[in-house]
Each structure stands twice: as C-alpha cells, then as structure tokens.
Amino acid sequence: MGTLWQDLRYGFRMLIRNPGFTIVVVLVLGLGIGATTAVFSVANGILLRPLPYNEPDRLVMLFHVSSFEQAPTSGMNFLDWKQQNRSFEDMAVMKFEDTTYQHETGTERLEGLCVSNNLFGLLGLKTHVGRTFLPEETWPNQHYIILSHHVWKSHFSTDTSVLGKSIKLGSNDEPYTVVGVMEPNLRFLNTGWSFWDFTEVNARIDFWIPVDRDLPDIEHGGRGALNWDVVARLKSGVSVEQAQVEMDSIAQRLGQEHYADLTKAPGVKVVSLHSHLVGQTRPLVLLAAGAAFFVLLIACANVANLLLTRGVARRREMALRASLGAGRWRLLCQMLTESMLLAALAGVFGLIIAIGMLNVFRMIAPDTIPRQELVGLDTTTLGFAIGAVLLTGISVGLVPTLRTFRVDLNEALKAEGRTASMGFGHRRLVSSVVVSEVSLSLILLIGSGLLINSISRLLLIDPGYRTKNILTMKVQNVHGELLNKIVQKAESLPGVHRAALVYGLPLCGDVGGSDVKPKNGGERRQVSARIVTPGYFKLMQIPLLAGRNFADRDNSDSVPVTIINESMARCFWPDKDPIGKRFKYDWVGREVEIVGIVRDTRNKAFDAPPELEVFLPLRQKGWSSLRLVVSTGSYPKSMIKPLRKAIWSTDKNAVINEIQTMEEIVAGTLAVRRFLTFVLSVFSLVALILAIFGIYGLFAHAVRQRTHEIGVRMALGAESRDVLKLLLGQGLKLTLIGIAIGLGGAIALTRVISNLLYDVSPTDPLTFVCVSLLLASVALLATYIPARRAAQIDPMVALRYE
Amino acid sequence: MIKLQNIQKRYNTKAGFTYVLQQITLDIAEGEFVTLMGPSGAGKTTLLNIIGMLDSDWEGQYTLDDNSVHTLKPRQRLALNKQYVGFVFQNFNLLDSLTVYENLEAPLSYRNVKGAERASIVCDTLDRFGIVGKKDLFPSQLSGGQQQLVGVARAVVASPKLILADEPTGNLHSAQGQEVMELLTKLNQQGTTIIQVTHSEKYAAYSRRIINLKDGWMDGEVTPRQLPRKDR
Ligand SMILES: Nc1ncnc2c1ncn2[C@@H]1O[C@H](COP(=O)(O)OP(=O)(O)O)[C@@H](O)[C@H]1O
Ligand SMILES: [Mg+2]
C-alpha cells in the first residue's frame, strides 16, 4: 500500500511537471473514451436494455408474408392462428385508430389503438386508475375507452371521477365509457407504415378502445384486408424457431383452405418483439460502435507512442532505478500507475465529451430511431467508461514499458548522447503506429465518403413528381361535398396555383390497397391504392400517358374508375391497351374500369423502385383522413394561415395537422441516413484529426531524432531539398503502406453498410480514390511541416545537436 | 585559395555577446596542408565550419578562389561547399542506417552524379582505401579505425579540392591515427588542400603550417620544425 501511494505521488509529480504532455494525452484519450462511451450509451439504451414489458423475451409479433412483403394480417387469419396454435400462451391484435375530441377551446385529434381485450394482460401492463377491459366489453354493445395519462391530465385534470362517465368522441359525438387510465410515461407499441417500417415503442397513444368480439365481421375485405398487427406471448420453453415451424404448417393449411387460387400461399413470420423493434437500428448502432472503437484505437496508438517517445528519454531514469535495485515488477508498477493516472484524467474528460455527444444525439436523432429516450448516462454506461479507462490505461502503459525493458539497461546507463538516434526496433514501432493510424482513418473516411455519395445521389433522384413549392397538411374530420369545397376555396386563394386532396401522399406512409388477380390467371399481385381529386396529377406534375384524367362526373352514381401507373399496365396488360379494361379490386369491393395511365413515381421511398399502383377518385372512394396539397409561388409556408382559414370557414370541425412542405417530407425520409452519415462523418473527422496529429507528432519526433544525421548529410553536401526529399519520402512510404492496408480493410468492411448505400457500390472506385488522395495529401502535409523545419535547420546547429 | 580577413564570430548569450573568433586573417594557398591547434574551446571547429561554409553567420571577408563568400547567400554557400569541401569528423559521423557502400554513395548522390558513374567512383574509392570487403557492413560493425577510414573515404569520394578534418584521429589508437594521417598526406601530395585540427603535435608534424588559436584569437604561426622535438 505504501509503495502504491508513493507511485501515485510520483506519478502525479511527473504529470504536473510535464503539463503540455499531460494535457495532450488527456485530450486525445478523452476524445477516444468519450466517443466510445457515448456510442455505448446509445447501443445500451436502444439495443441492450430489455423492453419495458413483463418477461419481454417471450413476446413476439406475427406477420402475414405475401409474395412481396411482410404486413399485418386480416382478422380472419388472426382468429385461425389463435385457435390452431400450441406455441403461444396468448395472442392479441391491435390496429391504429384515430378520432376527434371536441372541448371548449376547439377540436383535437386523438390517436389511439383498437386492441383485443387480452393485450394489456399479455404485455403485463396495468392501469394507473380504473381497470382494463373486461371480456364482455366489446365494440357493438357499448363503447368503452381507456385513456392515456396525458389525455387524462390535460383534459380531465387527473380527476378520478371521470371513471365510469362517458365522453363524446368523433364527429357523431358517440359516447364512450371511460374504464381506466394507463400509467404515466407508458411506452406503448404503436404500429404504422413509417418509412423504415419501424414499430415505435415510444409513440404517443392517447386512448385504447376494444375490438369487436367477432373480429372478422367488421372487416369487409375478408382475408384480403391486412389491418391487424398481432402480438403474442410464447409459452415458456418454446423458442421463436419452434413457433415459426408450427406457424409455417398452420399457414400451409390455411393456404390450401382459403388461398387455393394463389400459386404461393401467404406465410407467417414470427419475429421476437425486441428484434422487430430494434432490428433495423442494430446495424446502425453497431456501425457507430465500430467507428467509435476505431477512434479509440487511434487515440490509444497516439498516446502509447507519446509515452514511448518519452520512454526513450526516461530510459536512463529507468536504468538508474534498476541499478539502485528496483525490480522490473516495481518499474512496471511505477509506469502503469502513471499511465492509469493519465487514463483516469482522460476518463473524466471523456465523460464530459460523452455527455455533450449524447445531448447532440438527442437533438439530432430522427424520431424513427426507437427507444432514444432510454439513451443516457446510467450505471451500465459508467461501468463501461471505467472499463474503457482501465483498458486504455493498461494498454497505453504496458507497450512502451515492455519495450523499454527490451533495451539492455546497462547499455542505457553507459550510453551517451550519441545513441540518441533511435534504434531500428523503435523506428519500426513508430512506423507501424503511423501505418495503422492511416489505415484506420482511411477505412472510416471511406465509409462516410460512401454514405455522403449515396445521399447526394438520393437528393438528385427524380422521384417523378414535383417537390418544390408544395405545401401539404393533413385534413381530417371533413366529409362529402365539403371536401371538394375546400379544394375550390384553396385554389381561389391568391398565391395558390393549384390544390388537390390526396390519401397516399408520397413518402408519408399513407397507402391503401389489396392484391389483384390477373384475368389471364397469373399470380395475384399486391396493388397499392391512392385516392385523389382530379387536380392532383397536374399539381404534382405527374404526366398522364394515356386515357383521361378523373373528372367531376366520376362520382358515386357512375361507373367506378381508376387510373393506373405504368408498372401496373406493364405487369397486367403487357401487350394490350389497358384503357377500358376492368378488374376486381378488393380494397374497393368491386370492379373498377381503367380510364388512364400515369407515369411511375417513387411514392414509397426515394430509393425504392415504383410499385404497382392505382389511383381512385375521391368522389367514388370516400376517405376521411386526407392531405391537402397546394402548389404555391415562392414561399409555400406563407400560405399556412390563409389555408387554415379557408378550411375552417368551410367546416369548423376540420382537424388540421402535420403541416409540411413536400421538401420537408423528402428530407424526413432521408433523416436516418443523414443522421448516420453525420455520425460516421463526425467520427471519421475525429479519427482524421487524431491521426493527423499523431502522424505529425511522431514525425516531428522522428525528425528531431535525426537532426544530427541531417547535419552530417548537409556537411556531405545535401541541400534543403535533398533533406526534404529524404524525410518526405519516408513519410510518403509509410502513408502509402497505410493507405494500401486501409483500402484492403475498407473493401472487407464497407459491405457492412451496403444496404445503406444507394446507387453506390461498397467498393466504389471513385470514393476510394478520392478519399485515399485526400488522406495522402493531408498526411503528407503533416509530415511536410516537420520535414521542412528540419530541412531549413542551420547545419552547424544540426551537427552540434545531441 | 583561401583568403580570410578579419573574420569575427560571436554568439548572443544571456551575458551579452561572446566572441568566439576575433580578427582572424589568414591566407592558405592551394595544395597546402595546414593544422589548427589550440586548447579546447579556442574556436577551431568554429573556424573550420566557417571555412567549410556550413556556418554563414559571421563578419569579415572570406574569398575562396574567385568567390567572395561573405557576399553569398547561405544557399549559395552550401552550393560552394558541395563544389570544394570534404569533411572528416572526430566522431566519424557515419550514417548508422546506411552500409559502407551507401555512406560513400551519399555525397555523390547530392552532387547529381549519375548511377553508373556513381557506382564506379564508389568502387574505385573502396578499392583505393582497401575496404572493398567491408562495403556491405554497417558502421556499427566496424572498429573505430575502420570507421574513420570510411569517414576519410567518404570525404574524398566526390574529389573535393579542400578537405577539412576536425580532430580526425581524436578517437583512434595511435596505429590507427597514423594510418589516417598517412592517408591525408597522400591526398595532399596528390594536390588536395587540407586543413586539420589536432591536439597532437605528432600528427601536426605531418603538415607544413601550424596555426595556433587561443580564446578565438590567432596566437602565432609555426612550422613543424619549430615544435619541440619530443613529439616528433
Ligand atoms: N551555440 C553556441 N552558443 C554559444 N557559444 C557557443 C555555441 N557554440 C559554441 N560556442 C562556444 O564557442 C567556443 C568555440 O567552440 P569550438 O569552436 O567548438 O571550440 P574548439 O573546437 O576549439 O574546441 C566555445 O567556447 C563554445 O563554448
Ligand atoms: Mg572542436
């Protein structure tokens, strides 16, 4: 204990005596530790922490798998699954519902879920006050509702007398009896077709209402209406794989009974709830973790090297101590105490950096990344940080100390200034540090280069519709002819060029549809549906390729018509003119006649190819959750106020929200990619800066060690440029080796981000070449500065330099 | 060949200016063999570096053949150094990471001698100094005498007109020292001008002029015959 105290005191004295050295080490290591800790905290919050439900490991979701995608299932399928399975303890459904609530100050839109009664028990959720639904409390008899804590607080001032009372919801003022209020800060599942198809755990849910007891009866589309998300709890001891096997056989049986006309029966996919919720985020987080780890490695390399070069200077001190009888173990302890002290200081600084980084993360992380509210500094993260400190402290101290031991201590004592030039071994070590720093930062830079390249390509994509100067807003709770009035009113506003209503605006996730069986007997194909008013195509600049646009005469009294996109035409009527053809469309419930064909557009996502799509006229397929789109002059947002006024003057009950320009919507769909690009760019920039400083430091040291040699060479006739050439050549050689290794590593590693890339190969030669050139020139600059200084040294001074 | 007039060299130290050379006026003709002697710190190395044009921070006039060195810029002085001078150092100053062959090659590479010619000159020189067998060894694998042999060989490899040898025998046994001195004498006989620094009157006797320096001042000039006999 006494010796430890002594070592500590001595270590502190050394750190204080070399404040510059200490500060540099603490900054560099702190950056590395901070970055890794921040990323770990993100990974821990998003990926590692268990879901906030009872025994979350046994929770799964079940999806309907058709030939083209994974989707919710139909009520009828759900009932069959539930009856026939033996793997699950319980199985529940839920579906998004929204309604309006009229209070003194206005109409508010509420978002909630229609759930089966057993869902709460299945997840293990309890109410704050009141109770969950009883088995008999189902839809047709009487309307029941459970409120969220925040709705209870804002509209009922947490008054428990609301229990048992009825509140009026929707445009028809239907009465709902309140049976309970959920816990505050409840994180509930929500479903929805967002861009990344995330099911969010942290969605805002305002209310829950029970499902009809006879689930299938309220569905008109039969087995084709894929509306229900299925959550289930595995029996204990049953694995996801076992459940999957059973569900496969159930799906096959159902396929024979109900989908005989399909060449391939729809399947069922069992996914653990955890991986469903965070599965998409996992590669992103792991990628960030990899990047942070690289940063830490570079930081450690830098610091190890700083200690190493100081180790050379302290060789005599070590030798002296050894000659005074200190064993190697004692010397090692002494050196390790010093490096641990440094690492601990760096750890404190790193925590500050980590806190800063997490704050930035919370500010810029897109909402689509689930569970981000769980990200923060907790004990696990602190434990991780301490681990990182210990590890860096040991690795940073051990390497140079062991190297120092390799030198014969006797030699070191005897040696005079002449041996100040570094031994070959030392030079090799310095070289390998430079090489690894270059290669590590090259890999990171190439990764972010590829992502930046993808984003810039995505931004250049022509989605097939106009995105400039378009304002959109969700308009709900308006029905019938009033909708057309709103369009007319909007269009007559000065500043508005055109206006239209649409359900299924591009990139918003709204979409309807069902599968269609081709007349010629081919396989059924999923066809998405969007509902529009006639002005939509012109407004969005989607060209009509054949036939006619919708017109006001396409109303509920006339023949149901549709406009299809090119892909649909090509798929179903490859050799024929589709105009005038009819097909049965389950989503509408009857046959529709094709009157026009429009150009394909990228509606689902910028980077997804166009799907098979049909458009339906709003007058024939009524819909209550629509978006008003208007094209404007230069500044679309200036139209928000007049548009609101126009809508409310038409229908005072209208609910308006989600006001966005089309450009904002486009930016939103790129948010996750952008975020990741940002994160990776920051890390690669940090890595680059660390590497450059490292290379500079190493090189400056190496050059200083060679001062005398340079003096000799000048006496032999070397001019400045000969010296410059000599030193730069050495730097260039190391840089090139580093780049070669880095390129190899990048080829192996960029595959990890291949599915985040758009239109850019993971080994895109242009990116590889440009980034390599960039790094080479920066590294060369870092070697140029000390080399130039050395080349201009006075030969006399150099010759006398020891 | 060398004409020094009132050469002064001073350093700026905390205590003010310290002059390490004062009013050095000296003529050395082509083909001479001159020794600089004097106690440690007298300024011998400093003077040698000035003559060798490694040092360009001094006052006075220095004419080398037709070149007024004092009017030249440091770069031009280095170019002149390349043209005239070969250095031999007390502690050899061989380049550790280069072989004997490569050490000899270095001065030629700085004089833009082409590859084939370079190789033949290096081989000639190795041969002349009898160190062909050592050409692939590193300096650390040689004895002190052998190292200085390489040092002299390196100084002459580019055929300099002037050799400046700063205590070339200082770190050598007497047998080795003698060998180096004989080498220098031979070079002098072939026409090379030589200025050496030594503390040994025995080695000074190989030259024809001895210039004494003391505290930066010239302290008389003698010929070897005037030296006390005991050292001869
Ligand atoms: N950079 C310097 N700053 C101040 N004084 C110096 C410096 N270099 C050399 N000197 C002084 O110059 C004097 C002459 O040095 P030097 O020519 O090396 O002597 P010698 O070679 O005769 O032993 C010495 O007194 C030395 O202390
Ligand atoms: Mg000297």
Side-chain angles (χ1 to χ4, degrees), chain A residues 312 407-408 411-412 414-431 702-731 733-734 788-802, chain B residues 9 11 20 45-50 52-58 74-98 102-113 138-140 151 153-160 163-166 171:
Chain A
V312 173
V407 179
D408 185 352
E411 280 292 295
K414 270 193 303 188
E416 288 171 43
R418 183 75 291 113
T419 47
S421 77
M422 286 186 291
F424 281 120
H426 187 165
R427 258 193 220 171
R428 211 166 32 231
L429 201 68
V430 167
S431 305
V703 166
R704 222 174 304 122
Q705 297 275 330
R706 292 180 74 174
T707 306
H708 182 80
E709 178 199 330
I710 291 165
V712 172
R713 284 180 186 269
M714 285 179 139
L716 295 179
E719 293 181 48
S720 318
R721 75 185 137 84
D722 296 315
V723 175
L724 204 60
K725 224 161 51 188
L726 175 80
L727 297 176
L728 281 185
Q730 192 196 9
K733 199 176 91 195
L734 295 182
R788 204 180 117 89
R789 206 186 305 136
Q792 285 175 340
I793 197 171
D794 186 342
M796 283 258 302
V797 175
L799 270 174
R800 285 187 197 264
Y801 187 91
E802 295 296 337
Chain B
K9 165 86 187 172
Y11 283 110
V20 297
T45 301
T46 310
L47 184 57
L48 224 49
N49 282 336
I50 291 174
M53 287 161 292
L54 291 181
D55 189 350
S56 40
D57 183 21
W58 41 265
R75 270 175 81 84
Q76 296 168 312
R77 296 186 196 199
L78 276 177
L80 211 56
N81 155 295
K82 224 159 45 170
Q83 211 179 312
Y84 274 88
V85 183
F87 266 102
V88 182
F89 301 95
Q90 173 178 4
N91 38 31
F92 325 137
N93 279 343
L94 298 181
L95 299 167
D96 299 341
S97 51
L98 303 185
E102 290 163 341
N103 262 287
L104 293 197
E105 215 181 6
L108 296 175
S109 74
Y110 298 137
R111 287 163 176 80
N112 295 325
V113 180
F138 286 94
S140 56
R154 191 180 60 179
V156 304
V157 72
S159 319
I163 288 183
L164 301 174
D166 194 352
N171 283 347

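Each chain gets a letter, A, B and so on, in the order its sequence line appears, and its residues count up from 1.
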### Query
Quick one: what part of B/Leu95 sits under 4.5 Å from any heavy atom of chain A, side chain, backbone, both or neither?
side chain
### Message
How long is the straight-line distance from CG of B/Asn81 back to CE of A/Met714, given to the nearest 0.5 Å?
### Response
10.5 Å
### Residues from residues 719-731 of chain A approaching chain B under 4.5 Å (heavy atoms)
A/Glu719, A/Ser720, A/Asp722
### Task
Could you tell me which residues satisfy salt bridge (Lys or Arg N to Asp or Glu O under 4.0 Å) with B/Asp55, sequence neighbours excluded, listed by chain and number?
B/Lys9
## Note on the structure
With sequence neighbours left out, the residues meeting side-chain contact (heavy atoms from CB on, under 4.5 Å) with B/Val113 are B/Leu108, B/Arg111, B/Glu117, B/Arg118, B/Ile121
### Residues in ring pair (Phe, Tyr, Trp, His ring centres under 6.0 Å) contact with B/Phe92, at least two apart in sequence or another chain
none
### Message
With rounding to the nearest 0.5 angstrom, report the CG to CG distance, A/Asp794 to B/Asp57.
### Response
7.5 Å
### Atom pair CG (B/Leu54) and CE (A/Met796), whose distance is rounded to the nearest 0.5 Å
8.0 Å
### Query
With side chains defined as the heavy atoms from C-beta onward, is the minimum distance between B/Asn93 and A/Leu799 less than 4.5 Å?
yes
### Task
Please report the closest heavy-atom contact between B/Phe89 and A/Ala715, naming both atoms and the distance.
CZ-CB, 3.6 Å
### Message
Looking at every non-hydrogen atom in both residues, tell me the closest pair between A/Gly717 and B/Tyr110 and how far apart they are.
### Response
O-CB, 3.5 Å
### Query
Taking atom CZ of A/Arg713 and atom CG of B/Leu98, what is their separation to the nearest 0.5 Å?
5.0 Å
